[in-house]
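I have placed the structure first, in the form of structure tokens, so that the comments after it can refer back to it.
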Amino acid sequence: MSTFEFRNMTVADIDDVFKIETISFSTPWSKEAFYNELTQNRFAKYIVIQYEDELVGYCGVWIVVDEAHITNIAILPDFRGKKLGEMLLTKIMDEARKLGATNMTLEVRVTNKVAQNLYRKLGFQNGAIRKKYYTDNLEDALVMWVKL
């Protein structure tokens with residue numbers, strides 16, 4: 001029986017993460033951005049989900065002092081709806097807690113109700129609105145917070 005494995009992202013995972021990123025987002029991060037996150041940003045932590053020999057999801061967080069900020073989270077379309085996003089976010093929340101974070105925040109498109117429902121399920125609450133946050137269509141972002 002195959003299982004999902006959660007582990008820290010490495011530079012070797014960048015191509016697979018970039019594939020998930022480009023499928024999932026209209027303004028994807030570049031491979032260089034992920035490389036810099038892993039090699040230059042001492043505040044960054046990224047976790048991936050692997051199923052058999054395929055990378056199927058990832059999540060990134062910046063932890064600065066006691067605050068954690070989710071940078072991105074995505075699951076391959078064929079693996080969505082299987083609670084992997086919830087498991088991944090729970091895992092990154094636990095990691096952030098272990099590293100001293102007491103609060104976590106993220107931005108989500110105001111129209112992305114599926115993601116908002118997941119975040120609320122894990123205790124996130126609505127904060128402010130960032131007007132015209134997304135550069136592809138100038139959609140507003142809902143800022144959400146949770147105490148860890």
Side-chain touch [X]/[Y], heavy atoms, less than 4.5 angstrom:
X: Ser26; Y: Arg109; value: yes
X: Glu67; Y: Phe43; value: no
X: Lys91; Y: Ile49; value: no
X: Val61; Y: Ile70; value: yes
X: Arg97; Y: Met104; value: no

Roughly how far, to the nearest 0.5 Å, is [atom2] of [Y] from [atom1] of [X]?
X: Asn41; Y: Tyr35; atom1: CG; atom2: OH; result: 13.5 Å
X: Leu55; Y: Leu76; atom1: CG; atom2: CG; result: 8.0 Å
X: Leu142; Y: Thr111; atom1: CG; atom2: OG1; result: 11.0 Å
X: Gln125; Y: Arg120; atom1: CD; atom2: CZ; result: 10.0 Å
X: Thr71; Y: Ile92; atom1: OG1; atom2: CD1; result: 8.0 Å
X: Asn126; Y: Trp145; atom1: CG; atom2: CH2; result: 13.5 Å

* To do: Return the set of residues passing side-chain hydrogen bond (donor to acceptor under 3.5 Å, both in side chains) with Trp29 (not counting sequence neighbours), or none when no residue passes.
  => none
If hydrophobic clusters are built by linking Ile, Leu, Val, Met, Phe, Trp and Tyr wherever their side-chain heavy atoms come under 4.5 Å apart, do [X] and [Y] end up in the same one?
X: Leu106; Y: Ile129; answer: yes
X: Ile20; Y: Ile47; answer: yes
X: Phe25; Y: Ile73; answer: yes
X: Leu122; Y: Val143; answer: no
X: Ile23; Y: Val114; answer: no

* ring-ring contact (aromatic ring centres under 6.0 Å, His included) contacts touching residues 90-132 (sequence neighbours left out) -> Tyr119-Phe124
* Asked: With distance as the sole test, does Thr102 use its side chain to make a donor-acceptor pair with the main-chain N or O of Leu148 at under 3.5 Å?
  -> no
* ILVMFWY cluster membership beyond Tyr134 - transitive side-chain contacts under 4.5 angstrom -> Tyr133
Quick one: side chains of residues 79-89, donor-acceptor pairs under 3.5 Å with protein atoms, not counting sequence neighbours, listed by atom name and distance.
| from | atom 1 | to | atom 2 | distance (Å) |
| --- | --- | --- | --- | --- |
| Arg80 | NE | Ile75 | O | 2.7 |
| Arg80 | NH2 | Ser24 | OG | 2.9 |
| Arg80 | NH2 | Ile75 | O | 3.0 |
| Glu86 | OE1 | Lys121 | NZ | 2.8 |

* Might you point out which heavy atoms bring Val110 and Ala141 nearest each other, and give the distance in Å? => CG1-C, 4.1 Å
Please tabulate, one pair per line, all N/O donor-acceptor pairs under 3.5 Å involving side-chain atoms of residues 8-17, not counting sequence neighbours.
| from | atom 1 | to | atom 2 | distance (Å) |
| --- | --- | --- | --- | --- |
| Asn8 | OD1 | Lys45 | NZ | 2.9 |
| Thr10 | OG1 | Ala12 | N | 3.3 |
| Thr10 | OG1 | Asp13 | OD2 | 3.3 |
| Asp13 | OD1 | Arg7 | NH2 | 2.9 |
| Asp13 | OD2 | Arg7 | NH1 | 2.8 |
| Asp13 | OD2 | Thr10 | N | 2.8 |
| Asp15 | OD1 | Lys31 | NZ | 3.0 |

* Structure fact -> Sorted by chain and residue number, the salt bridge (charged side-chain N to carboxylate O under 4.0 Å, His left out) partners of Lys113 (sequence neighbours excluded) come out as none
